Every structure is written in structure tokens, then in C-alpha cells.
Amino acid sequence: MKLDSLSLAHLRMPLVSPFETSFGRIAHRECILIMLHAEGLTGYGECVADRDPGYSYETTGTAWHILKDFIAPLIVGQTVSGAEDFQSRVAGIRGHHLVKAGVEMALWDLHGKRENKSLRELLGGTRTRVEVGVSVGLQASPAALAETVGRYVMDGYRRVKIKIKPGRDVMDAMEVRAAFPHLLLQVDANSAYTLKTAFALKLLDDLDLLMIEQPLAEDDIWDHRKLQAEFSTAICLDESIVTPRHARYAIEMDACRIVNIKAGRLGGLSRGVAVHDLCKARGMPVWCGGMLETGVGRASNLALATLPGFVLPGDISASERYYARDITNERFTLNPDSTINVPSAPGLGVTLDRAAVKEFTLAESLLRPA
Ligand code: OSB
Ligand code: MG
């Protein structure tokens, strides 16, 4: 399709409660809403980079810069046939996966709207609802954490992930496990440990956890291999897997037993599908991670998680877990069986609440052909 123009909105949205991880605490989440205009249609995409470079080196600021100065000139006013064409155009831009993925999402949405097919159909997904869990940030104390987890369990979440960091790990997990002996429970360290300090986590092996997510540094697949050899609990890699090659390295090294797939981190839905396919062929279970997305990114995550290799519940929670007001007219709700329905309308299957977008916009820009 010939892309007429690209509009961007830098958003800042209040979370229903602050979210704290080993890399920081946020009460507001930022992102960039990407709108691609072609043939009278608009495709929406969400760049999941946040204000600060805590999870990734990318920020809303770097994403804006890369979009405006490097990606837009390669696609605006041009005919882009789809995800693969887009990826080959931006192949000369090193890294910056979160922003590339935001644009690819908008292309998929456009494509679906033109072909009258949902993103799930375009990706080849097989289910119409997806098993989900909730990711719970660090709380004031282990007791406060157990209480917060209890509220989510009451809401119907059957799988809970808790964030950990050095000094706030084994006791927190023990408290939750004692309160909920049969809950599907996992922990996420967001790279907060080293091989030396991670041995403090050995007691987690007795808590029947589904997995320990990303204990060590992003660029450290090798030490994850050493750690996995010492633990009976599965290690899951998130930050470390930024290309299908990294997934292959992790599999061949036995650095993990589970892979978290985020289209953002991998540079696009097409790359998420590639990692899914590779892992499925090698018998490596995967699940869909989250980045506190708005309704736009949430719709994308749900469609991706319908692929058959996603055999563990995703970090895709109901809209009310994140935002009192979202930017989509559609709000996602949790079914009693801890699933969320996948949109079936063309493309992402969501529409924008213009007034909400306006309320949360810090800056906007319209990029036209030079
Ligand atoms: O590591 O999975 C992560 C949120 C922001 C950045 C990184 C992560 C997370 C989450 C939240 O865990 C998952 C969600 O969107 O519910
Ligand atoms: Mg993670």
C-alpha cells in the first residue's frame, strides 16, 4: 500500500496503581501512538518504549527521533507491501526494536483493514480466547504483596507473576506461596542479579514456581546457562532474546527452558512469529509478555498469543488492571476461566477514543512525504 502520511502522538497515561520493578517505579506510563494513513484507512501501532531507559535502552525520546529522522523517510510516500518489506527497509537502522515494532504493528492493522481480516487470521492464530495472568509489581512488604495478589486471585486470575529484586525475593515468594498453595506462580527479576548474587534465589526451587524470569543481565545468555544447570525451576528469558538468533543460542546452550515473546523487544510481530516458530520446532514453550500496553498494544498481544506454541498464560491482563481510562473504545475484560477474548474485527480490531487520546497527548507530529 502507498503510505500517505504518518502521525505520532506521545502519550502519558496514569496507571490505576504504581508499578514497581527492579529497575524503577512508575505511576504513569508513556508510549507513542503511531497512525499510518493509506487508501483512506488508518492503521494504529503502539511503540512500547517508556519515558526512561530502564527495561530497554529505548525511550519515548529515542523512539520519536528514530521515527521522525530515520524510519519515516524510508516509508512515507512510498509503497510498502508488508512486514517483510518494512523490515528490509529498516534493516540499516541498528537496534531500536521497540520503535520498529510499533510501525510494523500499524502496517498489520492497515493490511487487515484493507483485506477485511483480523490480525489473528493474518498471523495464523488458532484460538479465539487466550489464557492470561497478571504481573504484580513490588509492594511495600511481603504481607502487602500477598494481599495484592489475593485481590487479583479474587478477580479471577489463575496465574500470577511477582516482581523480585535483591533483598525482596525469597521472602516475598514464600509469603505468596504460603497464602496460595495451588496458584500458578512465577517471578521476574528484570536482570537484577549476577551469577554470584543469584544463588540467594536457590530457595525458590522449593516453591513450585512455573519459572524464574530473566535473573541475569540482558547480554548474558552464557551465565543463564550456568544458572539453569543449578536450578530445577525453569529459567525464562525475556530481555536477553532480542532476535531469533538469540533464541537459537539460548536453546542450543540450555540457557533457559521457557522463552517470553514480546513483539516490541523483537522488533515486530513478524519477528515474534519467527521466534515462536523456531521455539515450537525445538520444543521450547513460549508465552506472550506485556509492556503495560494500551488497548492498541493489548489487541496486538492477544492476536500473537493465539499461535499454537503459546502454551503458558500471557502477561495480558484486563484493561481495568492498568487504566481507568484507556485510549481504545474497546475495553478488555477477564473471563471467569482466566482468559481474554481476542478481537475479531479487521486488523487489530480496536477503535480510538479520540477524546482520551487528546487528554493524554504530550506532543504530536504529522509526517508527510518530503
Ligand atoms: O519484564 O515483563 C516485564 C512491564 C514493563 C516492562 C517489562 C515487564 C513488564 C511487566 C508487565 O511485567 C506485564 C504487563 O503488561 O502486564
Ligand atoms: Mg520480564
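Source: prediction; values computed, not measured. Order of appearance sets the numbers: ligands from 1, and atoms from 1 within every ligand. The basis for the numbers below is simple: all heavy atoms, side chains too, and nothing from hydrogens, waters or symmetry mates.
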What N/O/S atom of [X] is the closest to the Mg ion (ligand 2)?
{"X": "D238", "result": "OD2"}
{"X": "E213", "result": "OE2"}
{"X": "D188", "result": "OD2"}

Residues [X] and [Y] bridged, charged N to O under 4.0 Å:
{"X": "R331", "Y": "E320", "answer": "no"}
{"X": "R89", "Y": "D85", "answer": "yes"}
{"X": "R127", "Y": "E121", "answer": "no"}
{"X": "D337", "Y": "R158", "answer": "no"}
{"X": "E293", "Y": "R321", "answer": "no"}
{"X": "D315", "Y": "R159", "answer": "yes"}
{"X": "R325", "Y": "E359", "answer": "yes"}
{"X": "E252", "Y": "R248", "answer": "yes"}

Practice problem: Validate the cation-pi geometry between K100 and F86: distance from NZ or CZ to the six-membered ring centre under 6.0 Å, angle to the ring axis within 45°. | Solution: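 Here K100 fails the 6.0 Å and 45° test against F86.
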Heavy-atom distances under 4.0 Å are what count here, so tell me which part of [X] touches ligand 1: side chain, backbone, both or neither.
{"X": "R321", "value": "neither"}
{"X": "Q214", "value": "neither"}
{"X": "D50", "value": "neither"}
{"X": "T21", "value": "neither"}
{"X": "D188", "value": "side chain"}

Quiz item: So is E239 in contact with ligand 1, going by heavy-atom distances below 4.0 Å?
Solution: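 The answer is no, since E239 has no heavy atom less than 4.0 Å from ligand 1.
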Exercise. Work out whether the distance between some heavy atom of K262 and some atom of ligand 1 is less than 4.0 Å.
Key: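 It does, in that a heavy atom of K262 comes within the 4.0 Å cut-off of ligand 1.
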For [atom], the protein heavy atom that lies nearest, with its residue and separation:
{"atom": "atom 6 (C) of ligand 1", "result": "M291 SD, 3.6 Å"}
{"atom": "atom 13 (C) of ligand 1", "result": "G290 O, 3.5 Å"}
{"atom": "atom 15 (O) of ligand 1", "result": "L292 N, 2.8 Å"}
{"atom": "atom 16 (O) of ligand 1", "result": "Y322 OH, 2.6 Å"}

Practice problem: With heavy atoms of N190 as the reference, note each atom of ligand 1 found under 4.0 Å away. | Solution: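 Under 4.0 Å from N190, ligand 1 has these atoms: 1 (O), 3 (C).
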Quiz item: By number and element, which atoms of ligand 1 are closer than 4.0 Å to a non-hydrogen atom of D238?
Solution: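 Selected atoms, number and element: 1 (O), 2 (O), 3 (C).
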Quiz item: Can you say whether the rings of Y55 and F23 are parallel (under 30°), tilted (30 to 60°) or perpendicular (over 60°)?
Solution: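 Aromatic pair Y55/F23 classed tilted.
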Quiz item: Does K163, backbone or side chain, put an N or O under 3.5 Å from an N or O of ligand 1?
Solution: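 Between K163 and ligand 1 (N or O atoms, distance only) the closest approach is under 3.5 Å.
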Quiz item: Would you say ligand 1 has an N or O under 3.5 Å from any N or O of F19?
Solution: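 In fact, backbone or side chain, F19 has no N or O that close.
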Quiz item: Is the closest side-chain donor-acceptor distance between S7 and E364 under 3.5 Å?
Solution: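 Distance-only check fails for S7 and E364.
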